[in-house]
Amino acid sequence: QQLAQVQPFSAQLRRPPSTKSKMVRPLLGAFCLASGLAACDAAVAGVTPVQKVIQLLDGMLAKGKEEKHAEEIEFAKFQAWCDSTGKATTKNIEEGAAQITQLDADIAKSESDAEVLGQEIDELEGRIAQAKSEAASANALREKEHGDYMAQHQDLSESIDTCEKAVSVLKSRGADVPQSLAQVRSSPKIPAHAIEVIESFLAMNAGQEPKANAYEFQSGGVVEMLEKLTGKFKDQRFALQKAEMNAKSNYEMLLQQLTDSIHTDESRSSEKSASKAGKLSDAANFKGDLEVTEKIKAEDEKTLSDTKTSCNAKSVEFEQNQVTRAEEIKAINNAMEILSSDAVSGHADTHLPSLAQVHATGRALAQLRSSVQNNGDVRQKAAAYLQGRAKDLGSRYLSVMASRVTEDPFGKVKKMLKDLIVKLMEEANSEADHHAYCTSELATNKMTREDKSSEAEKLSADTDQLTATEAQLASEITELSDAMAELQGARAEATKNRGQEKATNTKTIADAKEAQVAVEQAIAVLREFYGKDADASSLLQAGKKGAAVTAKRSTHREPYTGMGSSSGGILGLLDVILSDFARLETETSSSEDQAQAAYEKYMNESDEDLAVKGTTVEHKESKKQQTEESLRSTQKELSLTQQELDAALSYYDKLKADCVDNNLSYEDRVSMRKEEIQSLKEAMRILNGEDSLV
């Protein structure tokens, strides 16, 4: 069928131009315009239209393969850019999403911490206000108690002074006895029965000067009564002083506790206010970072979407272009095979040259006669030319063909030349495909190696950083745990010491109370005894005054009335001892209360410190777990990346063996092969009797 299509085409060249000949002549005209006048002369001289079409198709084939190869390289670069951009953008989006999640958690935690701190600040301010109110109430109560004490102390002191003065006047029997007794009677502390005795005494002695013995007898009972009142007033004043001292100590201890509590709460409130402000500032910063991160993430998502769309469109376009180019190359190859077959080229060699005879018959016949006559010279000339080019190019194909030109018949040599040209062209096409494959694979492999190497370096740096962070967190957790254990030990030691101190203080207070009771009992016994002796002494003094003369002459000794003169000093010492025991009780109680308050304050502060450290340890342990998970994930990713890098390096070694030129480059080989083909074509022209173009 192909032969049937070709034969009418050669016949049409002999007829007047028809539709098909009108299609051939523009093709030849275009070739003449592109090749120049010499090429047109050569075509007229002996190149058939079929050969010229094959040459044009060969040029189209080379150009199509070159463009196909260039497009493959460009698409490989573009695809590598798409992969790297998509991977980097996807990673940025994932990191942005993780950062957004972390920022949301940080914002929630900061706001929650600020809210908790606000509640604690309100609670502390309430406690401060309550403590200040209690301190003000304690101050007012203390002022009132002290005022009452001063008034009662003054009354008792005045009563004691009045009674002592009255006793002194009565004992001295001075003239101002009524006045002194009147002052005693007007004292607010004198009981009613004492007032009656004084009034009776004053009424008995009103308007008369009693005798000495009668005066002494009458005033004895009043003196005794006044002395008892003086002792009673002193006891009351001492009890009042003791109560005042206890009240003052309790007030000072309470005020100190309230002051310490106010100072501590104000300090904690200030710290928590600063911490709350810091938390709110952190939340505001986190919100700003969140807004920026969300904006960047949205931009990355848009970039990724646009990149995927562009890359997909380019990929579809590339695949369509490659299919079209492959079909075009296949069609050209098929056309060249058909045109190079004996069915077309053979008949074209036989019949188409008559077209040139129509225009230059004489010239063609002369060339034909010259070709027939000089057949041997032509073969020798072609052989010499091929040998020279084989030596210049180092081509074994040209050397073999040079030896065959002189041996083989003329027709067989031309067929071998044609076959060799076809073989070299096939090798050129095959090597072009292989070069395109190598170029694409080497470019892709290079980008893969660079990407994986960069990624491996980054992952290795991340691994080192995460390892250092994990070690630092472990060290901080250990330090905090040791500090908590040390604080627990200190708390246990403080509790132990507090228990021992409390036991000692409790025993001291109990001993002081017991001693006070015993001293008071001793004072009561002595006062009771010497009080009776005072009464007896008064009676004896009255009887002795009534029989003064008899007593002077009598040798009978006076009855023993006790060591009343020494009892006053002893009672004074006992009062001092009683005061010392009372002061010991008060000071020990105050010291115990202060120690208990300090202990409770220390325990509260240590509880808070333990809670803070415990929370910090939990946070750091959670962060350490996250760091360990990130480290494991990074190490796993690093291992996979290293495997991919090793695979890329191994594949590169294989590509180097197949694709990397050690001696001649691809361009040099293409150039040499073109020269070989050109030399074979020149030999064909020589064998055809044409003038060489070299």
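Side chains are part of it too, since the values below use all heavy atoms of this structure and drop only hydrogens, waters and symmetry mates.
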Participant: Could you check if a side-chain atom of Lys452 sits within less than 4.5 angstrom of a side-chain atom of Glu455, using non-hydrogen atoms only?
Facilitator: yes
Participant: Quick check for you: to the nearest 0.5 Å, what is the distance between Thr309 atom OG1 and Lys314 atom NZ?
Facilitator: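 These two atoms lie 15.0 Å from each other.
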Participant: So does Asp306 get a backbone contact from the side chain of Ser310, meaning a donor-acceptor N/O pair under 3.5 Å?
Facilitator: no
Participant: Partners of Ser267 by side chain to side chain contact (heavy atoms under 4.5 Å, CB included), sequence neighbours excluded?
Facilitator: Glu271
Participant: Looking only at side chains, do Arg449 and Asn445 share a donor and an acceptor under 3.5 Å apart?
Facilitator: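 There is such a pair (donor and acceptor under 3.5 Å, judged by atom type) between the side chains of Arg449 and Asn445.
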Participant: Going by ring pair (Phe, Tyr, Trp, His ring centres under 6.0 Å), name the pairs with one or both residues in residues 606-657, residues two or more places apart or in two chains.
Facilitator: none
Participant: A quick test of your reading: do over 12 heavy atoms of other residues, nucleotides or ligands sit less than 6.0 Å from CD of Gln119?
Facilitator: yes
Participant: Rounded to the nearest 0.5 Å, how far apart are CD of Glu94 and CG of Asp300?
Facilitator: 11.5 Å
Participant: Could you go through Arg632 and Glu629, starting from their C-alpha distance and side-chain angles, then the distance that decides it, and tell me whether this counts as side-chain contact (heavy atoms from CB on, under 4.5 Å)?
Facilitator: CA-CA 5 Å; Arg632 286 193 295 269; Glu629 292 177 359; 3.3 Å; yes
Participant: Taking the side chain as C-beta and beyond, is there a heavy-atom pair between Lys63 and Glu67 under 4.5 Å?
Facilitator: yes
Participant: If a pair satisfies ring pair (Phe, Tyr, Trp, His ring centres under 6.0 Å) and one of its residues is in residues 453-473, list it, with sequence neighbours excluded.
Facilitator: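 Listed once each, the pairs would be none.
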Participant: Would you call Glu291-Lys295 a salt bridge at under 4.0 Å N-O?
Facilitator: no
Participant: So, Ser679 side chain and Glu675 main chain: donor-acceptor pair closer than 3.5 Å or not?
Facilitator: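 Judged by distance alone, yes, a pair lies under 3.5 Å.
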Participant: Does atom CD of Glu66 have more than 12 heavy-atom neighbours, drawn from other residues, nucleotides or ligands, at distances under 6.0 Å?
Facilitator: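 No.
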Participant: Are the side chain of Ser639 and the backbone of Gln635 linked by a donor-acceptor contact shorter than 3.5 Å?
Facilitator: no
Participant: Would you call Asp83-Lys87 a salt bridge at under 4.0 Å N-O?
Facilitator: no
Participant: Locate the shortest heavy-atom distance separating Leu117 from Ser275; write the atom from each residue and the value.
Facilitator: CD1-OG, 3.3 Å
Participant: Do you know the tightest heavy-atom contact between Ala456 and Thr641?
Facilitator: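 Closest pair (atom of Ala456, atom of Thr641, distance): N-CG2, 3.9 Å.
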Participant: Please answer whether the main-chain N or O of Glu618 pairs with a side-chain N or O of Ser622 as donor and acceptor at a distance below 3.5 Å.
Facilitator: no
Participant: Give me the atom names and distance for the closest heavy-atom approach of Ile107 to Leu290.
Facilitator: CD1-CD2, 3.8 Å
Participant: Does atom NZ of Lys654 have more than 12 heavy-atom neighbours, drawn from other residues, nucleotides or ligands, at distances under 6.0 Å?
Facilitator: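 It does not: Lys654 NZ has 12 such atoms or fewer within range.
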Participant: Side chains of Trp81 and Cys311: closer than 4.5 Å at any heavy-atom pair?
Facilitator: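 They are in contact (side-chain heavy atoms under 4.5 Å apart), so the answer is yes.
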Participant: Output the distance between atom CG (Asp609) and atom CZ (Arg491), rounded to the nearest 0.5 Å.
Facilitator: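 Output value for this atom pair is 10.0 Å.
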Participant: Just by distance, no angles: are the side chains of Glu476 and Gln472 close enough, under 3.5 Å, to form a donor-acceptor pair?
Facilitator: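 On atom types as modelled, these side chains qualify, holding a pair under 3.5 Å.
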Participant: Once you round to the nearest 0.5 Å, how far does OG of Ser84 lie from CD of Glu450?
Facilitator: 10.5 Å
Participant: Compare every heavy atom of Glu72 with every heavy atom of Ala436, then report the nearest pair and how far apart it is.
Facilitator: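 Looking at all heavy atoms of both residues, the shortest contact is CB-OE1, 3.3 Å.
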Participant: Give the minimum heavy-atom separation between Lys272 and Leu124, together with the two atoms involved.
Facilitator: CD-CD1, 3.8 Å
Participant: Using modelled atom types and a 3.5 Å cut-off, is there a donor and acceptor pairing between side-chain atoms of Thr444 and backbone atoms of Ser440?
Facilitator: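 A pair under 3.5 Å: yes.
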Participant: Only pairs under 3.5 Å count here: list side-chain donor-acceptor contacts from residues 479-489, not counting sequence neighbours, and write none if there are none.
Facilitator:
from   : atom 1 : to     : atom 2 : distance (Å)
Ser481 : OG     : Ile477 : O      : 2.8

Participant: Which pair of non-hydrogen atoms, one from Leu459 and one from Thr634, has the smallest distance, and what is that distance?
Facilitator: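 What the structure gives for the nearest pair is O-CG2, 3.6 Å.
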Participant: Is it true that a side-chain atom of Thr89 and a backbone atom of Thr85 form a donor plus acceptor pair closer than 3.5 Å?
Facilitator: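 The answer is yes, because a donor-acceptor pair under 3.5 Å joins these two groups.
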Participant: Any sub-3.5 Å donor-acceptor pair from Thr469's side-chain atoms to Gln465's backbone N or O?
Facilitator: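 Looks like yes, one N/O pair under 3.5 Å.
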Participant: Is Glu111 paired with Lys287 through a side-chain N to carboxylate O contact shorter than 4.0 Å?
Facilitator: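 Glu111 and Lys287: salt-bridged.
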Participant: So which pairs with a foot in residues 296-339 pass ring pair (Phe, Tyr, Trp, His ring centres under 6.0 Å), sequence neighbours left out?
Facilitator: Phe75-Phe318
Participant: Evaluate the criterion side-chain contact (heavy atoms from CB on, under 4.5 Å) for residue pair Leu304 and Thr90; output intermediate values, then yes/no.
Facilitator: CA-CA 7 Å; Leu304 180 61; Thr90 301; 3.8 Å; yes
Participant: To the closest 0.5 Å, what do you measure between CD1 (Ile93) and CD1 (Ile100)?
Facilitator: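 Spacing of CD1 (Ile93) from CD1 (Ile100) equals 10.5 Å.
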Participant: Answer whether the closest heavy-atom distance between the side chains of Asn429 and Leu61 falls below 4.5 Å.
Facilitator: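 In short, these two side chains touch, coming nearer than 4.5 Å.
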Participant: Hey, does the side chain of Thr324 reach the backbone of Gln320 with a donor-acceptor pair shorter than 3.5 angstrom?
Facilitator: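 Present.
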Participant: Please list all pairs meeting disulfide (SG to SG under 2.5 Å) that have one or both residues in residues 275-308, counting only residues at least two apart or in different chains.
Facilitator: none
Participant: Under a 3.5 Å cutoff, is there a donor and acceptor pairing between the side chains of Asn604 and Glu608?
Facilitator: no
Participant: Find the distance between CG (Leu645) and CG (Leu640) and round it off to the nearest 0.5 Å.
Facilitator: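 If we round to the nearest 0.5 Å, Leu645:CG and Leu640:CG are 12.5 Å apart.
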